[in-house]
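Please read the structure below before turning to the comments.
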Amino acid sequence: IYPGVNGVQSRLQNTEFMLLPRIGVAYQLTSKTVLRGGYGIYFDTLNAQNVGPDQSGFSRATVNPITNDFGQTWLSGNPAAGISPLTDPFPLRPDGTRFDVPVGTGQGLLARAGIGWNFYGQSVPRARQQRWRIDLQRQLGADMVVTVGYAGSYSDRIRVSRRLDALPGQYWNTTQERNNALASNLNQNVPNPFHIQNFQELRISDPIAYQALESRGYFLSPTIPKHMLLRPYPHMNNISAVGSTDGEVKTHSFEAMFQRRFARGFTLHANYTALYERDRDYYHNEFDPLPSWRQTNAGVPHRIAATGIWELPFGRGRAFLQSGLASALFGGWQIAGTYEWQPGPLLDWGNIFYYGDLADIRKGKRTLDRWFNTDGFERNPQRTPASFQARLFPTRVDGVRADGLNRIDANIQRDFRLTERFTLQLRMDALNVANRSQFEPPNRDPISTNFGRVTNNTSSTMRFLLFQARIKF
């Protein structure tokens with residue numbers, strides 16, 4: 001359907017009433033203790049999704065071959081006679097035209113037939129999220145604050161891509177035994193009912209539609225794989241709804257924060273977060289009616305981050321070495337550093353056969369040559385899943401993760417007063433002080449000789465020293 005044609009409205013997205021209540025409460029329990037909480041509902045925006053209309057048929061290329069026999073004969077121009085093909089690159093054709101004019105809406109419902117389509121519906125509601133939070137903050141002494149809190153959220157109407165021409169579940173193998181006969185049967189070629197020869201009447205009744213079908217390979221082949229004819233909408237050659245709104249996300253997190261405000265030359269800020277998140281954002285099998293829940297890779301279960309600055313207590317105005325040569329050498333230096341730690345992402349698995357207990361995959365000492373327990377996986381290529389094998393192994397296994405982040409960065413600097421107007425700053429930054437490698441995920445292909453092995457490290461920066469000198473005025 002096309003905007004403005006046959007009564008279709010011109011708006012890309014239907015309007016939607018969105019109620020967005022927000023409430024926040026803060027209560028001072030004591031002079032140094034505050035309790036805070038809040039709740040809100042939020043909606044996604046269309047511009048953030050960067051979704052535009054499908055404009056199939058409104059642009060078209062005209063292709064005129066110059067020669068089909070490597071220059072023995074010429075279809076445009078005649079270089080042998082000194083006539084360049086560029087003299088008349090789009091010659092007049094027998095039908096009196098020179099260019100293939102865009103057909104616009106002329107193809108109608110056949111606009112995407114045979115070439116597949118991932119479409120975004122017009123009435124897709126915006127994704128919605130409910131968020132809530134409560135935390136307790138306590139001041140310790142004059143300079144320190146501790147905060148502990150809980151935050152949660154629930155999101156629904158999340159957009160996920162859903163295959164509308166999924167092969168029904170009755171045709172899939174649901175056992176842990178390779179079924180070559182099923183795969184061969186569904187992949188065998190049968191007569192193509194969509195062959196262009198079956199639509200000769202369109203040449204007269206709808207020449208625009210016929211020309212479109214004639215240019216698509218799906219309608220030119222006399223045969224077609226059998227499974228394509230067992231799918232819904234077989235004439236489309238794959239169709240997916242990008243705007244399916246069956247996705248959901250739920251999160252619960254515990255957060256703890258310690259902060260020492262900058263005083264007496266020292267400040268420290270440290271955070272710890274524990275996260276529980278589950279996403280319903282994928283279809284375990286293409287024929288499933290609803291997406292499945294799984295552990296997220298959008299966050300990690302634990303994360304620690306800290307940053308601090310320390311002005312060394314030496315030199316003028318400091319506690320020690322306030323004058324003399326020692327003050328000149330050691331005074332005015334400042335040290336800063338950051339630390340980050342979190343486990344790596346969960347490993348994503350293909351459709352494989354596994355005969356053991358999932359908990360056993362985590363057992364054993366983790367090494368680069370054996371990142372996880374490789375026992376129990378089917379590794380014989382002759383017995384691994386064939387085509388049309390329903391997934392029996394999960395996409396992610398609890399606790400089986402890639403290498404995590406464990407990194408320290410630091411710097412040291414000092415200002416030297418040259419004159420009243422000019423100051424020289426010397427600084428050294430040390431990135432990845434411990435020079436720790438972060439490794440790529442291990443190989444997860446059971447039939448590979450490297451199965452379970454880590455064979456490379458990530459592109460993360462190894463120890464890197466940066467020296468700087470700046471004049472400030």
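In what follows, every heavy atom counts, from backbone to side chain, and hydrogens, waters and symmetry copies are set aside. For this chain, numbers begin at 1 and follow the sequence in order.
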Lys472 NZ to Phe422 CZ distance, which is reported to the nearest 0.5 Å: 13.5 Å

Which residues share a ring pair (Phe, Tyr, Trp, His ring centres under 6.0 Å) with Phe451, sequence neighbours left out: Phe372, Phe377

His235 and Tyr233 aromatic ring geometry - parallel, tilted or perpendicular at 30°/60° bounds: perpendicular

Any Asn456 side-chain heavy atom under 4.5 Å of Phe439 side chain: no

Crowding at CD, Glu177 (>12 non-hydrogen neighbours, <6.0 Å): no

Phe314: partners by ring pair (Phe, Tyr, Trp, His ring centres under 6.0 Å), with sequence neighbours left out: none

Whether over 12 other heavy atoms sit under 6.0 Å from Leu466 CG: yes

Salt bridge (charged side-chain N to carboxylate O under 4.0 Å, His left out) contacts touching residues 235-254 (sequence neighbours left out): Glu248-Arg280

Close side-chain approach of Ser244 and Val160, heavy atoms under 4.5 Å: yes

Pi-cation contact, Trp371 with Arg366 (under 6.0 Å, within 45°): yes

For Lys363, all residues meeting salt bridge (Lys or Arg N to Asp or Glu O under 4.0 Å), sequence neighbours excluded: Asp360

Residues forming a salt bridge (Lys or Arg N to Asp or Glu O under 4.0 Å) with Glu255, sequence neighbours excluded: Arg133

Flag side-chain contact, heavy atom, 4.5 Å: Pro234 against Asp165: no

Any residue meeting side chain to side chain contact (heavy atoms under 4.5 Å, CB included) with Thr338, in chain and number order, not counting sequence neighbours: Thr307, Asp409

Side chain to side chain contact (heavy atoms under 4.5 Å, CB included) involving Asn179 - partner list, sequence neighbours excluded: Asn173, Ala181, Leu182

Salt bridge (Lys or Arg N to Asp or Glu O under 4.0 Å) against Arg303, all qualifying residues, sequence neighbours excluded: Glu340

Which atom of Pro168 lies closest to which atom of Leu230, heavy atoms considered: CD-O, 3.7 Å

Parallel, tilted or perpendicular, as decided by the 30° and 60° cut-offs, for the rings of His284 and Tyr282: perpendicular

Those residues that, when tested against Pro225, pass side chain to side chain contact (heavy atoms under 4.5 Å, CB included) (two or more places apart): Asn189, His227, Met228

Pairs where residues 390-400 contributes a residue and the test salt bridge (charged side-chain N to carboxylate O under 4.0 Å, His left out) is met, not counting sequence neighbours: Asp348-Arg396

Atom pair CG (Asn351) and CZ (Phe393), whose distance is rounded to the nearest 0.5 Å: 10.5 Å

Any Arg22 side-chain heavy atom under 4.5 Å of Tyr39 side chain: no

Residue pairs involving residues 291-302 (criterion salt bridge (charged side-chain N to carboxylate O under 4.0 Å, His left out); sequence neighbours excluded): Asp281-Arg294

Distance in Å, Gln28 CD paired with Gln137 CD, rounded so as to fall on 0.5 Å steps: 11.0 Å

Pairwise salt bridge (charged side-chain N to carboxylate O under 4.0 Å, His left out) hits with a residue in residues 427-438, at least two apart: Asp403-Arg436, Arg427-Asp429

